[in-house]
Amino acid sequence: MFITFEGGEGAGKSTQITRLAAHMRAAGDDVVVTREPGGSPGAEAVRHVILSGAAESFGPAMEAMLFAAARNDHVEQVMRPALNTGSMVLCDRYIDSSRVYQGVTGDLDTGLMRAIERAAVNGLMPDLTIILDLPAEIGLQRANARRGTGTADRFEKETIETHRKRRDAYLAIAKAEPGRCKVVPADRTVDDIAADIARLVDRLKARRAIKEKAKAGAAQ
Ligand code: TYD
């Protein structure tokens, strides 16, 4: 199973991925936790170029292609091999980050975005995408508190309007793809959010197990 976590800045993705990984490992799953941009040596090299802002002046299309290049390396070098050996893969950000940050707030053409996405993922779509949702103001406050005196990265430093647009864009994706995407309200305690996510994942795992059993039965 391939599960991705999405949301704006300060939504608590990394905390929740850690919690879900522990929950799944306790149930006996082999779990690989990874993140984008990055997750493979090639992609980590590109991560630095993007997040430092070094590519910003070349425009959002350049950045979108860099994210896609990093994604393709991560897919082929790390995630697909892990899934092929039966691991559960939990990834912090994936295609929806590009759709939202580059496609919507970078104002790129939908056709171009689709073409880049198709090339980057080469068929590897998430089975489940958890969208951690909270007001942009709260997310930014949390991200600022976490960062302390460090400087904001290329995307954190944008205006509140841009962050609001991103929240709306995530909710629009969830509405368009309700089978894959589940919105989890994130302005709550870590425990409450973790419990909701565990329930969603356990339900999907149970459904999968029933399907596999039926398939095995039909093959006999
Ligand atoms: P990161 O430091 O990993 O932070 P976060 O905790 O917010 O995930 O920064 C990744 C940044 O890159 C984040 O601001 C979102 C942005 N991003 C994109 O714009 N497009 C993408 O496809 C991905 C994966 C990330």
Side-chain angles (χ1 to χ4, degrees), residues 2-20 33-40 42-75 78-79 89-108 110 112-122 124-126 129-134 136 138-148 150-167 169-170 173 186 190 193:
F2 176 30
I3 303 173
T4 59
F5 279 70
E6 295 280 358
E9 311 300 324
K13 291 180 282 87
S14 47
T15 305
Q16 292 300 331
I17 288 190
T18 307
R19 291 288 293 259
L20 179 62
V33 175
T34 187
R35 64 145 184 208
E36 291 204 348
S40 64
E44 289 290 334
V46 178
R47 173 185 174 90
H48 175 71
V49 173
I50 306 172
L51 295 189
S52 67
E56 188 176 359
S57 59
F58 303 115
M62 168 71 115
E63 287 182 315
M65 291 199 203
L66 288 172
F67 275 114
R71 178 159 301 133
N72 185 254
D73 191 69
H74 184 215
V75 164
V78 174
M79 296 203 287
V89 173
L90 311 185
C91 187
D92 189 340
R93 297 194 181 280
Y94 192 54
I95 49 171
D96 302 298
S97 285
S98 284
R99 290 183 186 183
V100 167
Y101 283 69
Q102 283 67 55
V104 176
T105 55
D107 204 20
L108 290 177
T110 319
L112 172 72
M113 288 307 296
R114 263 198 225 120
I116 299 176
E117 177 179 304
R118 204 174 325 120
V121 306
N122 193 17
L124 188 68
M125 288 297 283
T129 296
I130 306 282
I131 297 176
L132 291 175
D133 176 58
L134 86 171
I138 298 176
L140 281 183
Q141 268 167 21
R142 283 192 195 168
N144 290 339
R146 184 182 55 189
R147 197 183 328 109
T151 44
D153 76 25
R154 154 77 183 88
F155 297 97
E156 285 170 342
K157 68 177 167 56
E158 286 175 317
T159 63
I160 186 78
E161 267 326 301
T162 301
H163 291 287
R164 284 201 192 110
K165 262 196 207 158
R166 288 180 184 151
R167 181 191 191 192
Y170 272 122
I173 291 174
V190 168
I193 301 167

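Sequential numbering from 1 along the given sequence is applied to the chain's residues. In listed order, ligands and their atoms are each counted from 1. Every value quoted in this text rests on a predicted model; they were computed, and no experiment measured them.
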Undergrad: Is atom 14 (O) of ligand 1 close to the protein, meaning a heavy atom under 4.0 Å from it?
TA: yes
Undergrad: Does either side chain, that of D92 or that of S14, offer a donor lying less than 3.5 Å from an acceptor on the other one?
TA: no
Undergrad: Whether E117 and R114 form a salt bridge (side-chain N of Lys/Arg under 4.0 Å from carboxylate O of Asp/Glu) is what I want to check.
TA: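 Looking at E117 together with R114, the answer is no, because their closest N to O distance does not fall below 4.0 Å.
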Undergrad: If you round to the nearest 0.5 Å, how far is CG of D153 from CZ of R47?
TA: 8.0 Å
Undergrad: Give yes if a backbone or side-chain nitrogen or oxygen of S98 is under 3.5 Å from a nitrogen or oxygen of ligand 1, and no if not.
TA: yes
Undergrad: Any heavy atom of R47 closer to ligand 1 than 4.0 angstrom?
TA: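 Contact check R47 vs ligand 1: positive.
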Undergrad: If you measure from each heavy atom of R35 to ligand 1, is any distance below 4.0 Å?
TA: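 No, R35 has no heavy atoms under 4.0 Å from ligand 1.
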Undergrad: Heavy-atom contact check, 4.0 Å cutoff: does E9 meet ligand 1?
TA: yes
Undergrad: Has the side chain of H163 got a donor or acceptor atom that lies under 3.5 Å from a matching backbone atom of E158?
TA: yes
Undergrad: Any idea which protein heavy atom is nearest atom 16 (C) of ligand 1, and the distance to it?
TA: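 Result: F155 CD1, 3.7 Å.
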Undergrad: Output all residues satisfying ring pair (Phe, Tyr, Trp, His ring centres under 6.0 Å) with Y101, sequence neighbours left out; order by chain, then residue number.
TA: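 In terms of ring pair (Phe, Tyr, Trp, His ring centres under 6.0 Å), with neighbours along the sequence ignored, Y101 is linked to F155.
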Undergrad: Is E63 near ligand 1, meaning one of its heavy atoms is under 4.0 Å from it?
TA: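 Checking ligand 1 against E63, which is what was asked, there is no heavy-atom contact under 4.0 Å.
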Undergrad: If we set the cut-off at 4.0 Å for heavy atoms, which region of D153 has an atom near ligand 1: side chain, backbone, both, or neither?
TA: side chain
Undergrad: Report the part of L51 in contact with ligand 1, treating N, CA, C, O as backbone and CB onward as side chain, heavy atoms under 4.0 Å; options are side chain, backbone, both, neither.
TA: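 Side chain only; the backbone of L51 stays clear of ligand 1.
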Undergrad: Does E6 pair with R99 as a salt bridge, N-O distance under 4.0 Å?
TA: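 Salt bridge: no.
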Undergrad: Does E44 come within less than 4.0 Å of R35, counting only side-chain N to carboxylate O?
TA: yes
Undergrad: Please indicate whether any nitrogen or oxygen in E36 is less than 3.5 Å from any nitrogen or oxygen in ligand 1.
TA: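 Between E36 and ligand 1 (N or O atoms, distance only) the closest approach is not under 3.5 Å.
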Undergrad: If you have a sec, work out which protein heavy atom is nearest atom 25 (C) of ligand 1 and how many Å separate them, to one decimal?
TA: F67 CE2, 3.5 Å
Undergrad: Side chain or backbone of Q102 under 4.0 Å from ligand 1, or both, or neither, by non-hydrogen atoms?
TA: side chain
Undergrad: Can you tell me the protein heavy atom closest to atom 6 (O) of ligand 1 and the distance?
TA: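 Its nearest protein heavy-atom neighbour is K13 NZ, 3.7 Å.
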Undergrad: Which heavy atom in G8 sits nearest to a heavy atom in Y170, and how many Å separate them?
TA: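 Of all heavy-atom pairs spanning G8 and Y170, the closest is N-CE1, 4.0 Å.
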Undergrad: Could you identify the single nearest non-hydrogen protein atom to atom 8 (O) of ligand 1 and state the distance to 0.1 Å?
TA: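 The closest one turns out to be R93 NE, 2.7 Å.
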Undergrad: For T15 and T18, does a side-chain donor sit closer than 3.5 Å to a side-chain acceptor?
TA: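 The answer is no; no qualifying pair exists.
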Undergrad: Look up atom CG in L134 and atom CZ in R167, then write down how far apart they are to the nearest 0.5 Å.
TA: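 It is 7.0 Å, given to the nearest 0.5 Å.
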Undergrad: Within ligand 1, which atoms have a heavy atom of P37 less than 4.0 Å away?
TA: 10 (C), 24 (C), 25 (C)
Undergrad: Closest non-hydrogen protein atom to atom 24 (C) of ligand 1, residue and atom name please, with distance?
TA: R71 NH2, 3.5 Å
